[in-house]
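Data block below; observations after.
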Amino acid sequence: MTRAVVLGGGFAGVLAAAVLARHADDVIVIENDHYPADPRARRGLPQSRHSHVLVAGGARALQELLPGTLEALFARGAHRRGLPGDALILAAAGWFRRLDTEAYLISCSRGLLDQVVRQRALGAVSTWPGTQALGLVGDASRVTGVAVRREGAPPETIEADLVVDATGRRSKAPRWLAELGVAEIEEVTVSSGLAYSTRVYQAPPELAGDTPAIMIHPRPASGRPGQGATLFPIEDDRWIVTLTGTRGGEPPVDERGFADFARSLRDPIVAELMAAATPLGGIRPYRDTSNRRRFFERVRLPAGFVAIGDAVVAVNPVHSHGMSVAALSALRLDRELTRRGIGPSARPELQAAMGAEADTSWRMAVAQDRGSAGREATAFEREILTRRTRALLSSPQLAAEFFGAQTLTSTRAPKDASAVVRALTGEPDPLLTTEEAVKQHPALYEWWNSATRVRAGGALSRR
């Protein structure tokens, strides 16, 4: 009989367990926390009260792993928003036009997502809540199990053919492996300098269920902090609003400071929506936003061990890739185990596959958070970048390429490459004003226009 043990019962761990149940006779999930009975925030999940979305690549992987999960989420109130077709996005260069692409995101509370996935994934899995993982058992050539301690019980050892580390950013696996004689795991951290604060609101009745995803991107400026905001609709006619800022411009967590920060952004639309909504609960800060990668695959790992999800690559949460990379990695794990099996043939090559699956997200996040490095761009290169940035706002081909990359989906070459050339070499479309951008979303525009008239003299800026 084969057994697999998953350390960590979060999103990545639950999906890994669902995969392992197809390849092992017995699967055990070790979780230090206790799962709530309803879809509320979980005590042991530091980010559970903040914005979480599944981007298209992760959503497709989740649906392939657990067919019917997306439908179950939508039935419970989750929202699908096309990008940029169902979104109001102010990029550094200006407002996006509504364009249809294959890219999208799914937004709901983290509690709802986790509950729906657990209900569909853990039917054939044993879960040990309130259990602490103490270390790996075995030697430098093979991991044979894990030492654990259940609540109120002495330590015990669970023998396993495969141990999967899904304990996230704070994984202790590098130390545990070192205790078995494995070489030091190289770890790279790239600070984003970002902090964010989040609050949930009850949407006003006139906008309930019909709000686009709203994103205000920071505009880079030398010596000044970058500040932005997102507003995503979630279940029960609620919005989750996250304000972001880099060093020197961190969003406050007090009532007035939070509102003033939102109003100080490049456009006040998020602040106005916040003012029209009803706050639900307090303002929650989050500061652990560094990009971190552990290169497990660069050492000779023992057989019978693999790390997955944020334990391998954890990117700045503002990129919204964490859960999607976890789903894609679980799908890759399934394919690798189908090829190799879970027994002695489950060699360390598994880890290389997990690193490769997370590599696209890592490279994208680090490139954006580090900013441009190396030699200074030439005048010609700067001109091309400026044209591409402007063209991106209105070119269906360039938007499809951009949002395809951002949502971790493979992009196809444009059917008409000449259209991209024209977008880069021709006269760019004029930038949208705020009014023109909001007008693309009729329900939001009706509210926005009415709110503008109510405020004497049009206090809402129509920039």
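Here the side chains of L444 and L88 are in contact, with some heavy-atom distance below 4.5 Å. Within the 4.5 Å cutoff, side-chain heavy atoms of I28 are placed close to those of D26. With a 4.5 Å cut-off on side-chain heavy atoms, Q63 and T69 count as touching. Using a 4.5 Å heavy-atom threshold, the side chains of R300 and V182 count as separate. P302 is listed as a side-chain neighbour of L177, based on a closest heavy-atom distance under 4.5 Å. Considering only heavy atoms from C-beta on, D334 comes within 4.5 Å of R22 through its side chain. Contact annotation: the side chain of R81 never approaches that of Y104 to less than 4.5 Å [non-hydrogen atoms, C-beta and beyond]. Proximity of V366 to R293: side-chain heavy atoms (C-beta onward) are nowhere separated by under 4.5 Å.
Looking at R120, its side chain does come within 3.5 Å of a backbone N or O of P67 through a donor-acceptor pair. D165 places a side-chain N or O within donor-acceptor distance of the main-chain N or O of T167, the cut-off being under 3.5 Å. The main-chain N or O of R149 is never found under 3.5 Å from a side-chain atom of T131 such that the two would form a donor-acceptor pair. In this structure a side-chain-to-backbone donor-acceptor pair under 3.5 Å is missing from T211 to P233. Judged by distance alone, with hydrogens and angles left aside, the side-chain atoms of D237 form no donor-acceptor pair with the main-chain N or O of A203 at under 3.5 Å. Under a 3.5 Å cut-off, the side chain of T246 and the backbone N or O of G226 do form a donor-acceptor pair. In this structure, the side chain of S192 engages the main chain of T289 through a donor-acceptor pair within 3.5 Å. Between the E102 side chain and the A56 main chain, no donor and acceptor come within less than 3.5 Å of each other. In terms of modelled atom types and a separation under 3.5 Å, the side chain of R266 and the main chain of Q227 share no donor-acceptor contact. With hydrogens and angles disregarded, no donor-acceptor distance shorter than 3.5 Å links the side chain of E357 to the backbone of V325.
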Practice problem: Please step through side chain to side chain contact (heavy atoms under 4.5 Å, CB included) for the pair E235 and H79, ending with a clear verdict. | Solution: CA-CA 8 Å; E235 71 274 12; H79 297 264; 5.9 Å; no
Exercise. Begin with the C-alpha distance, continue with both residues' side-chain angles, and end with the deciding distance and a verdict on side-chain hydrogen bond (donor to acceptor under 3.5 Å, both in side chains) for T242 and S51.
Key: CA-CA 7 Å; T242 297; S51 299; 2.7 Å; yes
Quiz item: Between T230 and I214, does a side chain to side chain contact (heavy atoms under 4.5 Å, CB included) hold up when you go through it step by step?
Solution: CA-CA 6 Å; T230 59; I214 300 177; over 6 Å; no
Practice problem: Any chance you could lay out the side chain to side chain contact (heavy atoms under 4.5 Å, CB included) test for Q406 and L83, step after step, and finish with the verdict? | Solution: CA-CA 10 Å; Q406 294 292 319; L83 296 173; over 6 Å; no
Self-check item: Audit row: L113, H52, side chain to side chain contact (heavy atoms under 4.5 Å, CB included) steps and yes/no
Solution: CA-CA 9 Å; L113 179 63; H52 288 84; 5.5 Å; no
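Ion pairing between a basic and an acidic side chain is recognised when a charged N comes within 4.0 Å of a carboxylate O; K172 and E179 show no such pairing. Salt-bridge annotation for D86 and R98: present, with a side-chain N of the basic residue lying under 4.0 Å from a carboxylate O of the acidic one. Between R263 and E272, at least one side-chain nitrogen of the basic residue sits less than 4.0 Å from a carboxylate oxygen of the acidic one, meeting the salt-bridge criterion. Classification of R60 and E64 as a salt-bridged pair fails, no side-chain N sitting under 4.0 Å from a carboxylate O. Salt-bridge formation is not detected for the pair E159/R3: no Lys NZ or Arg NE/NH1/NH2 atom is positioned less than 4.0 Å from an Asp or Glu carboxylate oxygen.
Q115 is linked by a side chain to side chain donor-acceptor pair (under 3.5 Å) to R76, counting only residues two or more places apart in sequence or in another chain. The salt bridge (charged side-chain N to carboxylate O under 4.0 Å, His left out) test applied to E184 returns no partner, not counting sequence neighbours. By the salt bridge (charged side-chain N to carboxylate O under 4.0 Å, His left out) test, R287 pairs with no residue at all, sequence neighbours left out.
Judged by the 6.0 Å and 45° rule, R294 forms no cation-pi pair with F296. Annotation: cation-pi pair R118/Y35 present, NZ/CZ under 6.0 Å from the ring centroid and within 45° of its normal.
Closest heavy-atom contact between F261 and G228: CE2-O, 4.2 Å. Nearest heavy-atom pair, S191 versus S290, reported as atom, atom and distance to 0.1 Å: CA-OG, 3.8 Å. In terms of heavy-atom proximity, G248 sits nearest to E250 at N-OE1, 3.2 Å. For the residue pair A103 and G404, the shortest heavy atom distance occurs at CB-N, 4.3 Å. Taking every heavy atom of both residues into account, W239 and P204 meet most closely at CH2-CD, 3.4 Å. Shortest non-hydrogen contact noted between A4 and I342 is CB-CD1, 3.9 Å.
Atom CG of D100 is surrounded by 12 or fewer heavy atoms from other residues, nucleotides or ligands within 6.0 Å. For CZ of R363, the number of neighbouring non-hydrogen atoms (other residues, nucleotides, ligands) closer than 6.0 Å is 12 at most.
One finds the CG atom of L350 at 5.5 Å from the CG atom of L337 (value rounded to the nearest 0.5 Å). Here the CH2 atom belonging to W95 is positioned 6.5 Å from the CD1 atom belonging to I269, to the nearest 0.5 angstrom. How far CD of E401 is from OG1 of T101: 12.0 Å, rounded to the nearest 0.5 Å. The distance from the CG atom of L54 to the OG atom of S107 is 10.0 Å, given to the nearest 0.5 Å. The line from CD of E297 to CG of D359 is 8.5 Å long, rounded to the nearest 0.5 Å. Atom CG of N32 and atom CH2 of W128 lie 14.0 Å apart (nearest 0.5 Å).
Looking only at atom types and distance, the side chain of N291 has no donor-acceptor partner in the side chain of N316 under 3.5 Å away. In this model, a donor atom of one side chain and an acceptor atom of the other lie less than 3.5 Å apart for H34 and E151. No side-chain donor-acceptor contact under 3.5 Å links D161 and T2.
Between H50 and Y196, the two ring planes are perpendicular [angle over 60°; tilted spans 30° to 60°].
Checked options L73, L66, L62, L70; the residue passing with V116 is L73 (criterion: side-chain contact (heavy atoms from CB on, under 4.5 Å)).
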